[in-house]
Amino acid sequence: MIDIKLVRDNPDLVRASQRARGADETLVDQVLAADEKRRSSITEFESLRSQQKTVSKSVGAAMGKLNAARKAGSADVDVLAKEADEARARATELSAQVKQREAAADQEDKEFTALLRELDNIVLDGVPAGGEEDFETLETVGEPRSFDFEPLDHLALGEKLDAIDMQRGAKVSGSRFYFLKGAGARLSNALMAYAQSIAAEEGFTPLIVPTLVSAQSMGGTGYLDAHEDVYELESGELYLTGTSEVALAGFHTDEILDLSNGPLRYTATSTCYRREAGSYGKDTRGIFRVHQFTKTEMFVYCDPQQAVEEHQNLLRIERRLLDGLELPYRVIDVAAGDLGGSAARKYDCEAWVPTQGKYRELTSTSNCTTYQARRLNIRQRGEGGKTEFVATLNGTMLTDTRPIVALLENHQQADGSIRVPQALQPFLGTDVIRPA
RNA sequence: GGAGGCGUCGCCUAGUCUGGUCUAUGGCGCCCGCCUGCUAAGCGGGUUUGGGGAUAAAACCCCAUCGAGGGUUCAAAUCCCUCCGCCUCCGCCA
C-alpha cells in the first residue's frame with residue numbers, strides 16, 4: 001500500500017509510476033475521488049457522534065442527580081425524573097442517526113482502502129519501463145563455457161550420478177516432485193550451509209520460521225493476491241508459504257522497531273511450496289521448476305533513507321554467493337511491468353544454463369520501500385518521536401534446486417563427473433562428484 | 001481433546017460483581033523544565049496509537065482505541081455472543 005498523502009500531494013508521480021508498469025492510470029483519480037468522499041463522510045459522522053455523546057452524558061448527569069434526590073427523599077424527584085426522560089428521548093433520536101452515518105462512513109472507507117491497495121508501489125528512478133522483455137542488463141559476469149564434448153543436461157547428469165530421481169518423486173507426490181539422493185541431497189545441504197555461513201559473516205540473524213501461516217500473514221505480504229500459486233490447506237485456515245519472506249515480514253508485524261543501531265537483518269532457510277499454476281508445459285524436464293524446494297532468504301528492515309544502499313548490499317551478497325559457485329551469470333534490472341505490486345525495484349541474478357543456451361533466474365532481490373511495511377504496520381520512531389513506516393527488502397541467498405541445475409551443467413566434465421567449486425568444498429567434503 | 005483462570009495506553013496496576021463525574025487510577029521507567037559547584041534527591045509538567053478538522057508549521061478541537069470482532073443500551077473497560085492468545089490441571093503423544 002502506498003501513502004495516500006503522496007497520492008494527494010503528487011498524483012502525477014503516481015500516474016507516471018502506473019504508466020511505467022503498464023498498469024491502470026485512472027486508478028489514481030478513482031482513489032482521490034474515494035478519498036474525498038470518505039473524508040466528508042467521516043466528518044459528518046464524527047460531528048453527529050460528538051453531539052450524541054454530549055447529550056448522552058447529560059443523561060448520566062441527570063440520572064446521578066435523580067438518584068441523589070431519591071436517596072435524600074427530596075421533593076425535586078419528579079422534576080429531575082422528567083429532565084432525565086427528556087434527555088434520554090433526544091439521545092435515542094441522535095443514536096439512530098449516528099448508526100446510519102457510521103455505517104455509511106465505514107462503507108466508504110472500505111471502498112477507499114480497497115482502491116488504494118490496488119495501486120502498486122512507486123517505481124524508483126532508473127527502473128526500465130515496460131514488460132518482462134524490457135529489462136536492462138547491468139553486468140555480465142564470466143563467460144559461458146565452451147565444451148569440447150556434448151554437454152548433458154542437469155537431469156541426465158543427475159540420473160547418471162544417482163542424485164536426482166524424478167520417477168519416484170512423481171510416484172510419491174505427482175509431477176514436479178522429485179527426490180534428491182546421495183550427492184544430490186548432499187549438494188542441497190551444502191548449498192544451504194554455504195549460504196548460512198555467508199549470512200553469518202554478513203551479520204544476518206538466522207531464524208527458523210513457520211512455513212504454514214495464517215491468511216492474515218499471507219495477505220500481509222500480498223501473496224494472497226497471487227492466490228492461484230499458493231497451496232491452501234483444506235481447513236482454509238493455513239497456507240503453505242512459497243518463500244520464508246512471508247514469515248520474515250510477518251515477524252515484526254504491528255511493531256515499532258528500534259533501528260537506531262542500524263537495519264535489522266534476518267535470514268531463514270525454509271522449504272518453499274509453489275503450485276506453479278499457469279506454467280503448464282514450461283520447464284517440465286528435471287528440477288528447474290518444481291512444487292517444493294529449499295531456499296535461504298535474506299530479509300531487511302531499515303530506515304527508508306537507507307533502502308537503496310541496503311538493496312545494493314543484498315545484491316552484492318547474492319553476487320558473492322554466485323561468484324563462489326563459479327557460475328557465469330548476469331545481473332538484470334527488472335522492468336517496471338514485471339516487478340510485482342510490492343517492489344519498487346528488483347534485481348535478478350541469472351545463471352547460464354548451457355543446455356538451454358540461456359540465462360535463467362537463480363536469485364532475486366527486491367526493494368519494497370515502505371509498501372509492505374505500511375500494509376503490515378511496521379514502524380519506527382522518527383524525528384520528534386513521530387512514528388513512520390520502515391522500508392523492507394528481501395533477497396535470495398540461494399535455493400537448492402536451480403543452483404544444482406547450474407552447477408551440474410556448468411561444471412560437468414567429459415567423464416560425467418562434476419567439479420566442485422572451491423567455496424563449496426568445505427561443505428560438501430569433496431572437490432569432485434563422481435558417479436557412484 | 002477436556003476443565004478452569006487470565007488479557008487495561010512501554011512495564012506493573014486500580015476499575016469489571018452493582019453500566020453513567022472514568023476526561024481509564026496509581027506506581028515505575030522515560031522526556032522537558034525548576035532548584036542545585038556536579039550528581040542524586042525534591043518540585044512542576046508531559047508521556048498509547050490511528051484517523052478527521054484547523055494551521056505556513058505548530059498550538060488546538062473532534063472521533064475511535066481497555067486482546068479482536070459482533071450484540072444489548074440514550075450510554076459498555078464493565079452485561080451478552082463468537083474468535084484469538086497466554087497460564088494451570090487432566091488426557092493423548094514424538
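No hydrogens, no waters, no symmetry mates; every other heavy atom, side chains included, goes into these values. A, B, ... follow the sequence lines: proteins, then strands. Residue 1 opens every chain. This structure is a prediction, so every number in the text was calculated from the model and none was measured.
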* Among the nucleotides B/rG51, B/rC74, B/rG50, which one has an atom lying closest to any side-chain atom of A/Arg38? -> B/rG51
* **Salt-bridge criterion met for A/Arg19 and A/Glu25 (N-O under 4.0 Å)** => yes
* Same-atom distance (C1') from B/rG29 to B/rC92, integer angstrom -> 45 Å
* To do: Pick the C1' atom in B/rC80 and in B/rU73, then give their distance to the nearest Å.
  => 12 Å
* Just how far, in rounded Å, is P of B/rG69 from CD of A/Glu102? -> 12 Å
* To do: Return the value, rounded to whole Å, for the distance between atom CG of A/Leu48 and atom P of B/rC74.
  => 17 Å
* Structure fact -> Residue pair A/Ser50/A/Asp106 against RNA chain B: nearer the 5' end by closest nucleotide is A/Ser50
* Asked: Which nucleotide, B/rA64, B/rU23, B/rG52, lies nearest any side-chain atom of A/Glu46?
  -> B/rG52
* Asked: Does the pair A/Arg38/A/Asp109 count as a salt bridge with the N-to-O cut at 4.0 Å?
  -> yes
* Structure fact -> Atom CG of A/Leu257 and atom C1' of B/rU49 are separated, to the nearest Å, by 15 Å
* Pick the P atom in B/rA56 and in B/rU65, then give their distance to the nearest Å. => 32 Å
* Asked: Pick the nucleotide of RNA chain B nearest each of A/Lys57 and A/Asp35; which residue has the one closer to the 5' end?
  -> A/Lys57
* Would you mind classifying the nucleic acid contact of A/Arg101 as base, sugar-phosphate or nothing, using non-hydrogen atoms under 4.0 angstrom? => nothing
* **A/Glu202 bridged to A/Arg265 by N-O distance under 4.0 Å** => no
* For B/rU49, does either OP1 or OP2 sit under 4.0 Å from a side-chain N or O belonging to A/Arg381? -> yes
* **Distance between C1' atoms of B/rU72 and B/rC79 (Å, rounded)** => 8 Å
* Between A/Glu245 and A/Thr221, do the side chains contain an N or O donor and an N or O acceptor separated by less than 3.5 Å? -> no
* Assign A/Gln52 to base, sugar-phosphate, or nothing according to its heavy-atom contacts below 4.0 angstrom with the strands shown. => sugar-phosphate
* Asked: If only side-chain N and O atoms of A/Thr43 are considered, is one of them under 4.0 Å from the OP1 or OP2 phosphate oxygen of B/rG52?
  -> no
* To do: Starting from P on B/rG10, measure out to CD on A/Glu255 and report it in whole angstrom.
  => 14 Å
* Which value, in whole Å, describes the distance between the C1' atoms of nucleotides B/rG70 and B/rC31? -> 40 Å
* To do: For RNA chain B, write out the stems as range with range, using runs of 3 or more consecutive Watson-Crick or G-U pairs with both distances under 3.5 Å.
  => B:1-7 with B:84-90, B:10-12 with B:26-28, B:29-34 with B:42-47, B:49-53 with B:60-64, B:67-71 with B:79-83
* Do A/Tyr266 and A/His252 have ring centres separated by under 6.0 Å? -> yes
* Atom-to-atom span, NZ of A/Lys386 to P of B/rU49 - whole angstrom -> 9 Å
* Structure fact -> Checking B/rC74, B/rU49, B/rC63 against the side chain of A/Arg379 (C-beta onward), the nearest is B/rU49
* Within this structure, what is the CD-to-P distance between A/Gln97 and B/rC63, rounded to whole angstrom? -> 16 Å
* Take atom C1' in B/rU78 and the same atom in B/rU8, then report the distance between them in whole Å. => 12 Å
* Taking the same atom, C1', in B/rC30 and in B/rC89, what whole-Å distance lies between them? -> 41 Å
* Under a 4.0 Å N-O cut-off, is there an ion pair linking A/Arg289 with A/Glu276? -> yes
* So does A/Asp35 pair up with A/Arg39, basic N to acidic O under 4.0 Å? -> yes
* Asked: Do the side-chain N or O atoms of A/Thr92 get closer than 4.0 angstrom to the phosphate oxygens (OP1, OP2) of B/rU73?
  -> no
* **Distance-only side-chain donor-acceptor flag, A/Asn189 / A/Arg186, under 3.5 Å** => no
* Asked: If the C1' atom of B/rC35 is compared with that of B/rC28, how far apart are they to the nearest Å?
  -> 23 Å
* Are A/Lys53 and B/rA64 close enough that a side-chain N or O sits under 4.0 Å from OP1 or OP2? -> yes
* Asked: Any side-chain N or O of A/Arg39 less than 4.0 Å from the OP1 or OP2 oxygen of B/rG51?
  -> no
* To do: Ignoring backbone atoms, establish whether A/Arg49 has a side-chain N or O less than 4.0 Å from OP1 or OP2 of B/rA64.
  => yes
* Grab the CD1-P distance between A/Ile42 and B/rG53 for me, whole Å please. => 8 Å
* To do: Could you work out which one of B/rC74, B/rU23, B/rU49 sits closest to the side chain of A/Ser56?
  => B/rC74
* Would you call A/Arg360 and A/Glu409 a salt bridge, taking side-chain N to carboxylate O under 4.0 Å as the test? -> no
* To do: Scan A/Ser47 against the nucleic acid and name what it touches under 4.0 Å (heavy atoms): base, sugar-phosphate only, or nothing.
  => nothing
* Validation row: A/Leu191, A/Leu407 side chains within 4.5 angstrom (heavy atoms) -> yes
* Asked: Between B/rG50 atom P and A/Glu388 atom CD, what is the distance in whole Å?
  -> 11 Å
